[in-house]
Amino acid sequence: MNGNWRDNIRRVAPYVPGEQTMSPRAVKLNTNENPYPPAPEVLQVIRESNDEGLRKYPDPDCRQLIHALADYHGVKPSQVFVGVGSDDVLAMAFMTFFCGSQPVLFPDISYAFYEVWAEMLRIPYRKQPLDDGFRLKKEDYFQKNGGIVFPNPNAPTGLLEPVSAIEEIVAANPESVVIIDEAYIDFGGESVLSLVDKYDNLLVTRTYSKSRSLAGMRIGYAIGQEELISSMLDVRNSYNSYTMNQTALAAGTAALADESYFRETLSKIIRTREDAKERMRKLGFSAPVGGESFSNFLFLAHESVPAGLIFQKLREREIFVRYFNKPRIDNYLRITIGTPEQMEILYDNLREILKETEV
Ligand SMILES: *Cc1c(COP(=O)(O)O)cnc(C)c1O
C-alpha cells in the first residue's frame with residue numbers, strides 16, 4: 001500500500017562522512033582526525049564528570065566554555081556561539097543568515113555539507129568554479145548573492161587564501177553574511193578573526209575536531225559581532241536549548257588551558273606534513289598546481305595510477321584515505337596526516353601498490 005503520507009516526506013540526499021572503521025589494525029587517514037590524544041587535562045575533566053554534572057541539565061548558555069573561548073580569542077562572550085561540532089554551528093548559521101531569495105555562493109570544490117544544508121533548508125545556491133589550480137576567484141563573489149560560505153584553508157584541497165582576498169570579499173558584500181569556515185586554520189594559515197571587529201557581516205567558524213583532538217566530543221564555535229551571534233542564539237533556542245552536553249562544556253574549557261600541549265601537537269603534525277609532501281612527491285604524487293596544503297591533510301594525484309584504484313588497494317590493506325568520485329577531483333586522494341609511524345606504513349604500502357599496478 002502506498003499512503004499519501006509519503007508525498008509529505010522531506011526528500012534529502014544526505015552528507016556521507018568518511019568510513020569509521022572499527023578495526024584496531026586500520027591506519028585511519030580518511031577523516032582528518034588528529035593522531036594525537038587530547039591534552040591530559042581534558043581526559044582528567046572527562047574522568048571527573050560526576051553525578052551532579054550528569055543528573056542536571058547543562059547550562060543552556062554554555063557560559064563556562066563561552067567565557068573561556070572569549071578569553072582565548074580576546075573577544076567578548078557575546079561574540080561567541082558554541083555548538084555540537086562546527087557542523088551544528090554551520091547548520092545554525094545557514095538557518096539564521098541564508099533566508100533571502102538570492103543564491104548563496106560557495107566554491108564548486110569545497111566542503112560537501114554546504115550543498116546538503118542548502119538543499120535540505122531549501123536555500124537557493126550557486127556553486128562558483130575554482131580556477132584550474134583550484135584557487136578561489138574572488139571576483140566570482142562580487143555579485144548579488146544571498147550569502148557566502150567557504151573554508152579557509154579550503155577542503156578538500158588544503159589551499160589557503162590570504163586574509164587580504166577574504167577581506168575584499170567581505171567588504172564587497174555588506175548586504176550578505178560571509179561565513180569563513182576555519183576548520184583547519186590552526187595548521188599554519190592566517191585567521192580572519194582579526195577582521196571581525198571591522199565587519200558586521202563576517203562570521204568565522206572553528207572546530208575542536210581537528211587541531212584539538214576532540215572529534216569524538218563534538219565541539220565547534222563561531223565568532224562574529226554581537227548581532228550575528230544573538231540572531232544565531234534566537235534560532236538555536238527555537239530548536240534545542242541544550243545542544244551542548246555537560247561533559248563537552250567541561251572538556252572544551254579544559255582544552256584551552258594547555259596552550260603548550262596544543263602548540264606541540266600542531267608542530268608535530270606540521271613537521272610530518274612537510275616531510276610527507278616530499279615523500280609523496282618522490283612516489284610520483286603531486287598537489288594541485290595552485291599550491292600546497294596548509295591543513296592536516298594532503299590532496300594529491302598520482303602521475304600514472306588512477307586515484308580510485310589506489311584508494312581501493314589501500315583499503316584492502318586496511319589503510320583508509322578519502323576519495324571523492326566527483327567532477328574535477330576524481331583523480332585526487334585526500335590523505336590525513338597521521339603519526340610518523342602511520343605515514344611510514346602508508347609509504348611502504350603505496351610503494352608496493354604502485355609497483356604492482358605499473359606496467
Ligand atoms: C571537519 C570539517 C567541519 C566539521 O567539523 P566538526 O567535526 O563538525 O566540528 C566543518 N568544515 C570543514 C571544512 C571540515 O573539514
What donor-acceptor contacts under 3.5 angstrom involve side-chain atoms of residues 305-315, with partners at least two apart or in another chain?
residue	atom	partner	partner atom	Å
Arg315	NE	Glu19	OE1	2.9
Arg315	NH2	Glu19	OE1	3.2
Arg315	NH2	Glu19	OE2	2.8

Considering only distance and modelled atom types, tabulate donor-acceptor pairs under 3.5 Å from the side chains of residues 59-69, sequence neighbours left out.
residue	atom	partner	partner atom	Å
Asp59	OD1	Asp61	N	2.9
Asp59	OD1	Arg63	NH2	3.3
Asp59	OD2	Cys62	N	3.4
Asp59	OD2	Arg63	N	2.8
Asp59	OD2	Arg63	NE	3.0

Atom pairs and distances, side-chain donor-acceptor, residues 148-157, under 3.5 Å, sequence neighbours left out:
residue	atom	partner	partner atom	Å
Asn152	OD1	Glu161	N	2.7
Asn152	ND2	Glu161	O	3.1
Asn154	ND2	Ile109	O	3.0
Thr157	OG1	Leu159	N	3.3

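For Arg322 and Asn30, the side-chain atoms include no donor-acceptor pair closer than 3.5 Å. Side-chain contact, Thr21 with Ser23: no donor N or O sits under 3.5 Å from an acceptor N or O. Side-chain contact check for Gln342 and Lys28: no donor-acceptor pair (N or O, by modelled atom type) lies under 3.5 Å. Using a 3.5 Å distance cut-off with no hydrogens or angles, the side chains of Gln143 and Gln102 do not pair a donor with an acceptor.
Residue pairs meeting the ring pair (Phe, Tyr, Trp, His ring centres under 6.0 Å) criterion with at least one partner in residues 238-278, sequence neighbours excluded, are Tyr57-Tyr242. Among residues at least two apart or in separate chains, salt bridge (Lys or Arg N to Asp or Glu O under 4.0 Å) pairs with a member in residues 139-153 are Lys137-Asp140. Screening residues 164-173 for salt bridge (Lys or Arg N to Asp or Glu O under 4.0 Å) gives Lys138-Glu168, Glu167-Lys198 as the qualifying pairs, with residues at least two apart or on separate chains. For the salt bridge (Lys or Arg N to Asp or Glu O under 4.0 Å) condition, the pairs that include at least one residue of residues 122-134, sequence neighbours left out, are Glu115-Lys127. Sorted by first and then second residue, the salt bridge (Lys or Arg N to Asp or Glu O under 4.0 Å) pairs involving residues 169-184 (not counting sequence neighbours) are Glu182-Arg206.
Every side-chain contact (heavy atoms from CB on, under 4.5 Å) that Ser78 has, sequence neighbours left out, goes to Lys76, Glu226. In terms of the ring pair (Phe, Tyr, Trp, His ring centres under 6.0 Å) criterion, Phe320 has no residue partners (sequence neighbours excluded). Partners of Tyr184 according to the ring pair (Phe, Tyr, Trp, His ring centres under 6.0 Å) rule, which considers only residues two or more places apart in sequence or in another chain, are Phe297.
The hydrophobic cluster containing Trp5, built from Ile/Leu/Val/Met/Phe/Trp/Tyr side-chain heavy atoms closer than 4.5 Å, also comprises Ile9.
In this structure, Arg47 does not pair ionically with Glu41, as no charged nitrogen and carboxylate oxygen lie closer than 4.0 Å. For Glu352 and Lys355, the salt-bridge test fails: no basic side-chain N is under 4.0 Å from an acidic carboxylate O. Between Asp108 and Arg328 there is a salt bridge, since at least one side-chain N of the basic residue sits less than 4.0 Å from a carboxylate O of the acidic one.
The aromatic rings of Phe299 and Tyr332 sit parallel, their planes meeting at an angle under 30°, below the 60° perpendicular limit.
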